[in-house]
Structure formats: structure tokens, C-alpha cells
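Ligands are counted one by one from 1 in listed order, and the atoms in each one are counted from 1 as well. Worth saying up front: this structure is predicted, and the values here are computed from it rather than measured.
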Amino acid sequence: MNFPSSINSKLPNVGTTIFTVMSALAKEHNAINLSQGFPDFNPHPVLMEEVEKAMRGNFNQYAPMAGYLPLRERIAEKAETLYGAKVEADSEITITAGGTQAIFTAILSVIREDDEVILFAPAYDSYAPAVELAGGKAIFYDLEAPDYKVDWQKVKRLINQRTRMIIINTPHNPSGTILREADMKELEKLVQRSDIVLLSDEVYEHIVFDKLQHESVLRYPKLAERSFVVSSFGKTFHTTGWKVGYCIAPKNLMAEFRKVHQFNVFSVNSVAQIAFAEILKRKELYLELNSFYQDKRDFFKRAIQSSRFNLLKCEGTYFQLASYSRISDERDIEFVRRITKDMGVAAIPVSVFHRSHSDNSIIRFCFAKEDETLKRAAELLTKI
Ligand code: GLN
């Protein structure tokens, strides 16, 4: 008999993440992959040169557990210039193996058995499993298409004695909406005089369009004092495969975060951290990202204008939602499989981000692609 004869799964309802599934299907069918979010172009050449320099120098052993200090200092400077936040590089920033690890570690460091965590669905697919692995319970607030607006009075009704955390995500994946100042003020009111911790997933902080402002919780001292803020160099510097991100939190929360981080990854890729510390000096590279991706959003939009897809509003991120209700009444999962196989373009079905799998015939395209790729994809999508 094989041992163990049966495994009592800790995540019985979780399969392989949709990003892996769709990228594999795209590869199998040689389709243009607009599903999993990653650029099809290279990072800045200077960033690659800096990695090589660091590698050929003497930087191939463990980085400090919390991250390379000059990198943390650059991040603290950025938080101050952009959001007016005073963050201690030494005790309030940790470099992580990407945004997902930062999210997982933040959740694990504070969530206990039976704690409740409020999530906004469609929610990034790692949030709820992370909460459940920590013994907590994910409580879903359903945002509704096409605006995906939060009604904070309704959120209030979800809060009770067991509520330990609220996870927000702005710019929001997959909807492409962003929270406004008024939302942050409502959130402030909601959590004041409570012990609720916030986890603010801001990995698309530099991808905000139409001159809108990114509302980082770091702009709001009353929120920042109880928040883990997560960001990602993968999104900002076109290096999703390097898996480097970071978490900012006040000292007391960060101390708990590091207790988990040190026994999970210990420390993160040294040479990439050194390169990011250098490239962060070139502020224009992240400040230009808004207009770089706004051009791509607009290019893609124009290119599929004559198709039968209806595009939803996209205020940030590199994702464009599209309704296919004029094309088909298939379930979104079947629809994306079919267009991947038959039409040669892969996308992400939005129902997978809902606990209820509620399906509004909406799919997500990633436009972090060369214009040529977007053009070819649009030609194919126009034929559907
Ligand atoms: N964040 C990316 C997306 O939404 C994917 C990340 C991943 O594949 N783990 O597509």
C-alpha cells in the first residue's frame, strides 16, 4: 500500500492556478498569450547590466534576511516622495520573493484559527487560500460589473468581532478600477477604533491612467499605521520572472512579518536586489510607466474596436476586461478555452476570481505586450 493512503487536503477546493492553466493551454495551441499577466518585452538594458555586474562582483551569497539595505533605503525615499510617508528602511521594509509571497507572509503572520478576513471579489486568486491555510475564513464582498464600486456601508455589515483583516487591492486586478480618496476616507472611518489590520496590494501602483492618482494607503497615516503594503518590481520593471517585491508595514507588524519570512524564504535573490537599488535612482523609469501603459491600453482598445467585444473601463493595471455577451452564451471558462484553441488568443475567465464562480461573460486580456503582438491578437479577436 502506498503511504499515505489518502491525504486530507488542506485546500480541497483549490486546483492549479488559472494563470498556469491558461499559459500552458496557450503554449499547447501556439496561441498569443494575453492570459497570465506578464510583458513580452525585456527590462531596461541598464537593469540587466547591473545584475551582471553584481553577479561578477562579490554578491552571490545570501542577502540580508530583510533585504539589501540600499534597496530598502531607495524604497523608503520613493514612499516619501510619492506618498509623503515616513518609512524606516531598517525596520519597516522587507524585500520579498514577489508580491504573492509578501501577501502570503503578511496573512500568515497575523491570521489565526477562525479569524475572518474580508476580500473584494473578483479577488486575486491567492488571497483566500492563504487565509484558509492560516486557519482563517475568507469573507467575500462581491463587487459588481461593470463599475466594481465598493459600497462601504455594505462592507461595514460584514465586520464583526472576528474580523481581523481587510484586503484591498488598488489598482485592482482583474477589474482595472482604482480606489479614490473618498474610498480611503470611508475605509478610515470603518477601521478606526478596531483592531483590524489592512493588507493593501498595490503591485500596480505605477500603472494608473488618465491622470488619476494612485491612492496608496501610505498617503493616509491612520491607515498606514495598521497596514501591510505590498508592491512588486516585476510589474514596475518588466521582470515578473525575477520574483522580487517588497512589503512595507509599521515596525510592530513588520517584526511579526519577518518572523515568518525568515523561515519561509529567509532572503531574496541578491543580485536582482542590487540591480533594483541602482535602477530606482532613475525615477523617470517608474514615473513614465503610467503613460507607457496608457498608450498600450489605448492601442489595444482601438485595435479591437470593430470586434464584437464590449470593453469595460480600465483605470489602471495592465489588464483590460471585455464582455463577450454579444458573441456567445458559453461559460467564460469554456469560452476562453475555445478561443485559445480555435482563434489563437488566450485570456483569463473572470469567474475564477469569484468564490461563487459567478459568471458575467467577462474575460481579462493582458495588454503588457509589444504593439505588434497586440495588433495580431486584435486581428484574431475581431474575427470572433
Ligand atoms: N498577477 C499575475 C496575473 O494576474 C499572475 C501572477 C501569477 O501567475 N502568479 O496575471
Quiz item: Looking just at side-chain N and O atoms, do E202 and Y83 make a donor-acceptor pair shorter than 3.5 Å?
Solution: no
Quiz prompt | Heteroatom proximity flag, F319 to ligand 1, N/O under 3.5 Å | solution = no
Self-check item: Under 3.5 Å side-chain donor-acceptor pair for E215 and Y220
Solution: yes
Quiz item: Going by distance alone, is a donor N or O of one side chain under 3.5 Å from an acceptor N or O of the other, for N173 and T317?
Solution: no
Practice problem: Measure from NZ or CZ of K375 to the centre of the six-membered ring of F300 and say whether it is under 6.0 Å with the direction within 45° of the ring axis. | Solution: no
Exercise. Salt-bridge test for E205 and K78: reply yes if a basic N is under 4.0 Å from a carboxylate O, no otherwise.
Key: yes
Quiz item: Counting heavy atoms only, which part of V203 comes closer than 4.0 Å to ligand 1: side chain, backbone, both or neither?
Solution: neither
Quiz item: What atoms in ligand 1 come closer than 4.0 Å to a heavy atom of Y204?
Solution: 1 (N)
Quiz item: Closer than 4.0 angstrom: is that true for some heavy atom of T100 and an atom of ligand 1?
Solution: no
Quiz item: Taking atom types as modelled, is there a side-chain donor on H261 or Q101 under 3.5 Å from an acceptor on the other?
Solution: yes
Self-check item: Distance filter under 4.0 Å to F19 heavy atoms, resulting ligand 1 atoms
Solution: 3 (C), 4 (O), 5 (C), 7 (C), 8 (O), 10 (O)
Practice problem: Identify, by atom number and element, the atoms of ligand 1 in contact range of G37, meaning under 4.0 Å from any of its heavy atoms. | Solution: 3 (C), 10 (O)
Exercise. Looking only at protein heavy atoms, identify the closest one to atom 8 (O) of ligand 1 and say how far it is in Å.
Key: Q36 NE2, 2.8 Å
Quiz item: Considering only protein heavy atoms, which is closest to atom 9 (N) of ligand 1, and at what distance to one decimal place?
Solution: Y124 OH, 3.4 Å
Practice problem: Please work out whether any backbone atom (N, CA, C, O) or any side-chain heavy atom from C-beta onward of M22 is under 4.0 Å from ligand 1, and answer side chain, backbone, both or neither. | Solution: neither
Quiz item: Centroid-to-centroid, F367 to Y318, below 6.0 Å?
Solution: no
